[in-house]
Amino acid sequence: MAARCRVFRTRPLAVTSLSVAIAACGGHPPEPVRFAPVQADLFSDGGTLTDAWADFDLDGDPDRFVGFDGATSRLYRNGLVDGFKDVAADVGLVVERSVRTSAWGDFDSDGDPDLLLGYAGGEPVTALYRNDLDAGFTNVAAAVGLELAAGTTRQAAWIDHDGDGDLDLFLAMRDGPNRLFENLGNDGFVDVAPDLGLDDARRSVGASWFDTGDGGLDLIVANMNGDANALYLAGPDGFTDALHFPELRDGGRALGDEAQGTVRPCVVDYDADGDFDLFFANYGPNGLAERTPTGWSHVAAEVGLAIDARYDTCAWGDFDHDGTIDLYVNGTVGGDTHWRDWLMRREGSASFVDVTPADILAEYASHGASWVDFDLDGDLDLALAGAAGDGTHHLYRNLLRPEYAWHSLQVRVVDDAGRATRPGAEVRIYAAGTDRIMGTRLVDSGSGYDGQSDLPVHFGVPGGQPVDVRVTIVLGGDRRSVSVEDVDPREYQGSPLLVRVGAGGDTGR
């Protein structure tokens, strides 16, 4: 892709003026940024704190759980042509608590996603709803050792940290030591965080698991109220906080300032060089730490992302299929102040450009943002959540033209039995028959605002060209990979490429 000159604005630009600005720099005008609300009345209520997606009924399309603060939460079944319908009461998922945390994961390895919830106030503060498909959901938290009597939950992440083939649960706590519950199968879960050095008592709110390149699943933890962030590196005897990376400890904001902190860390290969960088949604300037051969480097200011305000989440995705990954970050609501949201489009090697549509900017999307192809047309749609009384949980359809919408590939990574036990897996695509990398994605291991979705990873593929796909998993300190060559995106319109990766890395599609 030809490089484009730097274009950055601190307020929304109309699509027409943005296109003129890019064209004047000698590049090709980007696609117009157009979104349309879906079932606006159904998704109009505010007071929403968390938003997570999974195909809970295994019918091939993603469904949506939305956690409310002070109202009954909702589970929307996706009927595609028939639209969404709240079926929470029908499937035994009536939740009238203030839901702060939601995470989909197949904890019992039976092939369908189950739902972990964390509550604000009252007792107990956690629930685990086992999905029995036609029989509905059953809260089994007490029976399996995941019912916490007290505490304030934040980010939950299902992750196979020990590489034994089943999902364990990490839980960030706002008011006490973080927890890591190891899955013992029929013997339930046991908290091993103190044994492994992960019982951090700082005020944690966000977390994500990924491999920094040392062959183990490492953990980035976001902390608030001036506390430093932590990067826990996996080792044979537990985890060690990598204190020697100041770019990650501060995340681009001030340390020691009670008014500042990091809410959400996002793992992203923003520059498509094959390794993972870290974005920090902050109270204070947002941060972007680019991976370097020797560590990390602050680059948020030079690419136009160091916006100083208060932000609650970050969501990355190539919504326009130009081959570069874009960012949605939403501002929080405090008192009478609503810090604005930003849809920042990456333009080649230039800085990020603000292209936030006016109608989306007018919403109070303070506590959640997710990219999801809910209508299976190939492009990414946008789901938002807002905690304030005048907020919403609107869903916006991406109106990318059909001739470009299919220029994409979605990849779902499962184990050799077809179960989604591979959070933290790395997916890379290359121009077919070459070593030219076109993008890297991470299977969700902690994202959104206190949410974890069970979705395929998505790539924009300019021109719809054939690609080679390489999937790498990290199990027990070993990196194991599977490659699928000469994949034609046209063959996967409306469904993902399914890649099975066994413990030996010896399976494929």
Side-chain angles (χ1 to χ4, degrees), residues 52-63 78 103-116 130-133 156-170 183 185 208-211 217 267 370-374 376 378 408-429 439-447 451-459 467-476 478-485 487 489 491-509:
W53 292 76
D55 181 10
F56 85 89
D57 53 2
L58 304 185
D59 66 349
D61 52 47
D63 311 296
N78 185 354
W104 291 100
D106 184 7
F107 84 92
D108 53 1
S109 298
D110 66 350
D112 53 46
D114 312 293
L115 182 62
L116 186 285
R130 186 185 64 214
N131 183 0
D132 294 316
L133 293 179
W158 292 106
I159 189 82
D160 183 8
H161 91 92
D162 53 1
D164 65 352
D166 55 29
L167 290 178
D168 313 298
L169 177 69
F170 177 82
N183 189 342
S208 190
W209 294 75
F210 72 112
D211 182 9
L217 277 172
V267 182
S370 302
W371 292 109
V372 53
D373 181 16
F374 82 88
L376 306 184
S408 64
L409 180 68
Q410 301 199 63
V411 180
R412 181 161 174 80
V413 182
V414 296
D415 62 20
D416 47 6
R419 302 166 303 194
T421 61
R422 300 298 189 221
E426 304 167 7
V427 185
R428 293 176 175 82
I429 64 169
T440 307
R441 303 290 187 267
L442 184 74
V443 176
D444 191 352
S445 60
S447 67
Q452 181 179 14
S453 295
D454 177 13
L455 293 171
V457 299
H458 172 278
F459 295 88
V467 298
D468 296 336
V469 178
R470 186 172 183 83
V471 175
T472 301
I473 63 170
V474 181
L475 285 179
D478 294 328
R479 291 173 59 84
R480 304 167 190 185
S481 299
V482 164
S483 294
V484 182
E485 297 180 349
V487 176
E491 297 179 7
Y492 296 94
Q493 295 182 50
S495 62
L497 167 68
L498 189 69
V499 180
R500 299 172 183 260
V501 188
D506 55 357
T507 52
R509 62 174 146 183

- Message: Restricting to non-hydrogen atoms, name the atom on V267 and the atom on S208 that form the minimum distance, rounded to 0.1 Å.
- Response: CG2-OG, 3.7 Å
- Item | Those residues that, when tested against W371, pass ring-ring contact (aromatic ring centres under 6.0 Å, His included) (two or more places apart) | F319
- Task: Indicate yes or no: at least one non-hydrogen side-chain atom of R419 is less than 4.5 angstrom from one of V414.
- Result: no
- Under the salt bridge (Lys or Arg N to Asp or Glu O under 4.0 Å) test, which residues partner D59, sequence neighbours left out? none
- Task: Apply ring-ring contact (aromatic ring centres under 6.0 Å, His included) to F56 and list each qualifying residue two or more places apart in sequence or on a separate chain.
- Result: F137
- D454: salt bridge (Lys or Arg N to Asp or Glu O under 4.0 Å) partners, not counting sequence neighbours: R412
Please output the side-chain donor-acceptor pairs of residues 159-167 that fall under 3.5 Å, not counting sequence neighbours, one pair per line with the distance.
{"unit_1": "D160", "atom_1": "OD1", "unit_2": "G163", "atom_2": "N", "d": "3.0"}
{"unit_1": "D160", "atom_1": "OD1", "unit_2": "D164", "atom_2": "N", "d": "3.2"}
{"unit_1": "D160", "atom_1": "OD2", "unit_2": "G165", "atom_2": "N", "d": "2.9"}
{"unit_1": "D164", "atom_1": "OD1", "unit_2": "D166", "atom_2": "N", "d": "3.3"}

- Message: Applying side-chain contact (heavy atoms from CB on, under 4.5 Å), can you list everything that pairs with V372, at least two apart in sequence or on another chain?
- Response: W53, P62, L455
- Message: If the condition is side-chain contact (heavy atoms from CB on, under 4.5 Å), which residues does D478 pass it with, not counting sequence neighbours?
- Response: R480
- T440 side-chain N/O to R428 backbone N/O, donor-acceptor pair under 3.5 Å: no
- Note on the structure: Applying salt bridge (Lys or Arg N to Asp or Glu O under 4.0 Å) to R470 and not counting sequence neighbours gives none
- Message: Within the 4.5 Å heavy-atom criterion, are D468 and V487 side-chain neighbours or not?
- Response: no
- Message: Just to verify, what does D211 make a salt bridge (Lys or Arg N to Asp or Glu O under 4.0 Å) with, not counting sequence neighbours?
- Response: R479
- Task: Report the residues that fulfil side-chain contact (heavy atoms from CB on, under 4.5 Å) with A52, sequence neighbours left out, ordered by chain and then residue number.
- Result: S102, W104, S453
- Item | Nearest non-hydrogen partners of L169 and A156, listed with the distance | CD1-CB, 4.2 Å
- Taking all non-hydrogen atoms of both residues into account, name the closest pair between I473 and A425 and its distance. CG2-CB, 3.9 Å
- Task: Could you pull out all residues at least two apart from F210 that satisfy ring-ring contact (aromatic ring centres under 6.0 Å, His included)?
- Result: none
- Message: Within the structure provided, determine whether D373 and Q410 are in side-chain contact (heavy-atom separation under 4.5 Å).
- Response: yes
- Item | D416 side chain vs V501 backbone, donor-acceptor pair below 3.5 Å | no
- Item | With sequence neighbours excluded, residues passing side chain to side chain donor-acceptor pair (under 3.5 Å) with D112 | none
- Side chain to side chain, L58 and P113, heavy atoms closer than 4.5 Å: yes
